[in-house]
*Asks:* 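The structure under discussion is supplied below as structure tokens; questions concerning it will follow.
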Amino acid sequence: MKIGFIGLGIMGKPMSKNLVKAGYDLVVFDHDVKKMDEVAAEGAAKGSSTADVAGQCEVIITMLPNSPHVRAVCLGEGGIAETAKAGTIVIDMSSIDPVESKSIGAELSKKGIEMMDAPVSGGEPKAIDGTLSVMVGGSKENFDKYYDLLMTVAGSVVYVGELGSGNVAKLANQVVVALNIAAVSEALTLAVKNGVDPELVYQAVRGGLAGSTVLDAKAPMMMAHNFKPGFRIELHIKDLANALNAAHATSTSLPLTSQVMEIMQALKNDGCAAEDHSAIVKYYEKISNVTVEK
Ligand code: NAD
């Protein structure tokens with residue numbers, strides 16, 4: 001089984017390397033030749049274009065920034081719809097708008113090409129370790145067929161429903177994380193303004209109901225004023241925009257998500273777009289004229 005891998009960025013590069021290490025026959029493509037060279041050094045073949053990859057692979061994994069990139073690679077000029085054989089499957093592991101996943105999948109199916117959406121959570125360290133969490137939408141039959149392939153890059157692979165469901169799960173994840181970071185920021189600001197050491201508040205609450213993976217990962221970063229990403233604010237803005245779009249497509253109201261989105265937009269204007277999303281605390285510091293830095 002020949003596998004194509006398109007998009008060798010922060011996530012795609014280590015994921016494709018892990019597939020090669022596991023013995024899969026991989027053909028990779030990215031506009032950035034240096035990234036292709038790096039994966040080729042591990043044993044992958046280099047494709048010359050999306051068309052070249054699509055023409056020779058039965059399975060094509062995509063790991064691209066957002067919906068327009070996936071649409072272009074799948075349905076654009078020289079894209080997968082034009083150049084892949086009927087029976088090919090596209091496994092899109094990018095985090096995109098689920099409305100777009102369904103629409104792109106419907107167009108591909110007209111050419112006999114199937115699609116699954118399989119976005120990931122875990123970030124670069126877990127992409128390197130091969131322990132990502134993968135949430136899969138598509139047919140159950142394809143989920144079963146490609147489970148072992150996905151497990152090569154993952155610690156868990158969960159089936160969530162029809163095409164688009166994987167991205168709905170991913171957006172739900174991103175909503176929980178964004179709101180949780182805002183809540184931690186608000187709580188630490190409250191502590192400092194009322195004369196209590198934020199570190200002691202963190203230690204006091206982390207074992208109780210307020211404890212969370214987000215609290216443990218982000219509170220220490222906020223108190224150290226270390227905003228090296230991690231996960232960049234600009235990527236989280238992309239995810240919240242997709243969440244709001246998917247919500248509005250089904251007349252769902254996301255009042256808290258909208259508010260955190262506006263906080264992130266303000267931070268972008270303050271030059272923080274490339275900082276870790278824990279920099280949400282800077283917004284709170286500004287409006288309350290305080291610093292939570294220890
Ligand atoms: P990235 O920007 O580092 O990589 C994207 C890659 O796609 C780049 O190398 C770019 O050259 C390539 N690319 C873009 N258009 C292309 C095209 N038409 N043909 C070929 N290559 C093309 O992004 P990333 O951080 O690897 O993220 C990829 C996806 O995974 C995003 O949807 C992101 O939201 C999601 N994600 C990222 C993280 C993270 O921590 N970085 C964590 C979980 C999920």
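For ligands, and for the atoms within them, numbers begin at 1 and follow the listed sequence. Just so it is clear, the model here is predicted, and its values are computed rather than measured. Any value given below was found using the heavy atoms of this structure, including those in side chains, with hydrogens, waters and symmetry copies removed.
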*Asks:* I want to check something: taking the side chain as every heavy atom from C-beta on, are Val28 and Leu8 in contact at a cut-off of under 4.5 Å?
*Replies:*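 Result yes, sub-4.5 Å side-chain heavy-atom pair found.
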*Asks:* Under 3.5 Å, N/O to N/O: give me all the pairs between ligand 1 and the protein, one per line with atom names and distance.
*Replies:*
from: ligand 1; atom 1: 3 (O); to: Ile10; atom 2: N; distance (Å): 3.0
from: ligand 1; atom 1: 9 (O); to: Asp30; atom 2: OD1; distance (Å): 3.4
from: ligand 1; atom 1: 9 (O); to: Asp30; atom 2: OD2; distance (Å): 2.6
from: ligand 1; atom 1: 9 (O); to: Lys35; atom 2: NZ; distance (Å): 2.8
from: ligand 1; atom 1: 11 (O); to: Asp30; atom 2: OD1; distance (Å): 2.7
from: ligand 1; atom 1: 11 (O); to: Asp30; atom 2: OD2; distance (Å): 3.4
from: ligand 1; atom 1: 18 (N); to: His31; atom 2: NE2; distance (Å): 3.2
from: ligand 1; atom 1: 19 (N); to: His31; atom 2: NE2; distance (Å): 3.4
from: ligand 1; atom 1: 26 (O); to: Ile10; atom 2: N; distance (Å): 3.2
from: ligand 1; atom 1: 26 (O); to: Met11; atom 2: N; distance (Å): 2.9
from: ligand 1; atom 1: 32 (O); to: Leu64; atom 2: O; distance (Å): 3.1
from: ligand 1; atom 1: 32 (O); to: Pro65; atom 2: O; distance (Å): 2.8
from: ligand 1; atom 1: 32 (O); to: Ser95; atom 2: N; distance (Å): 3.0
from: ligand 1; atom 1: 32 (O); to: Lys238; atom 2: NZ; distance (Å): 3.2
from: ligand 1; atom 1: 34 (O); to: Lys238; atom 2: NZ; distance (Å): 2.7

*Asks:* Return the orientation label for the Phe231 and His236 ring planes: parallel under 30°, perpendicular over 60°, tilted otherwise.
*Replies:*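 Correct class here is perpendicular.
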*Asks:* Between Arg71 and Glu100, does any side-chain N to carboxylate O distance fall below 4.0 Å?
*Replies:*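 Salt bridge between Arg71 and Glu100, a charged N being under 4.0 Å from a carboxylate O: yes.
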*Asks:* Hey, are Glu107 and Lys110 close enough for a salt bridge, meaning a charged N less than 4.0 Å from a carboxylate O?
*Replies:*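 Yes, charged N to carboxylate O under 4.0 Å.
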*Asks:* Mind checking side-chain hydrogen bond (donor to acceptor under 3.5 Å, both in side chains) for Asp37 and listing every partner two or more places apart, or none if nothing turns up?
*Replies:*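 Counting only residues at least two positions away or on another chain, Asp37 forms a side-chain hydrogen bond (donor to acceptor under 3.5 Å, both in side chains) with Lys46.
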*Asks:* Less than 4.0 angstrom from a charged side-chain N to a carboxylate O is my criterion; do Lys286 and Asp270 meet it?
*Replies:*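 Looking at Lys286 and Asp270, the cut-off is met.
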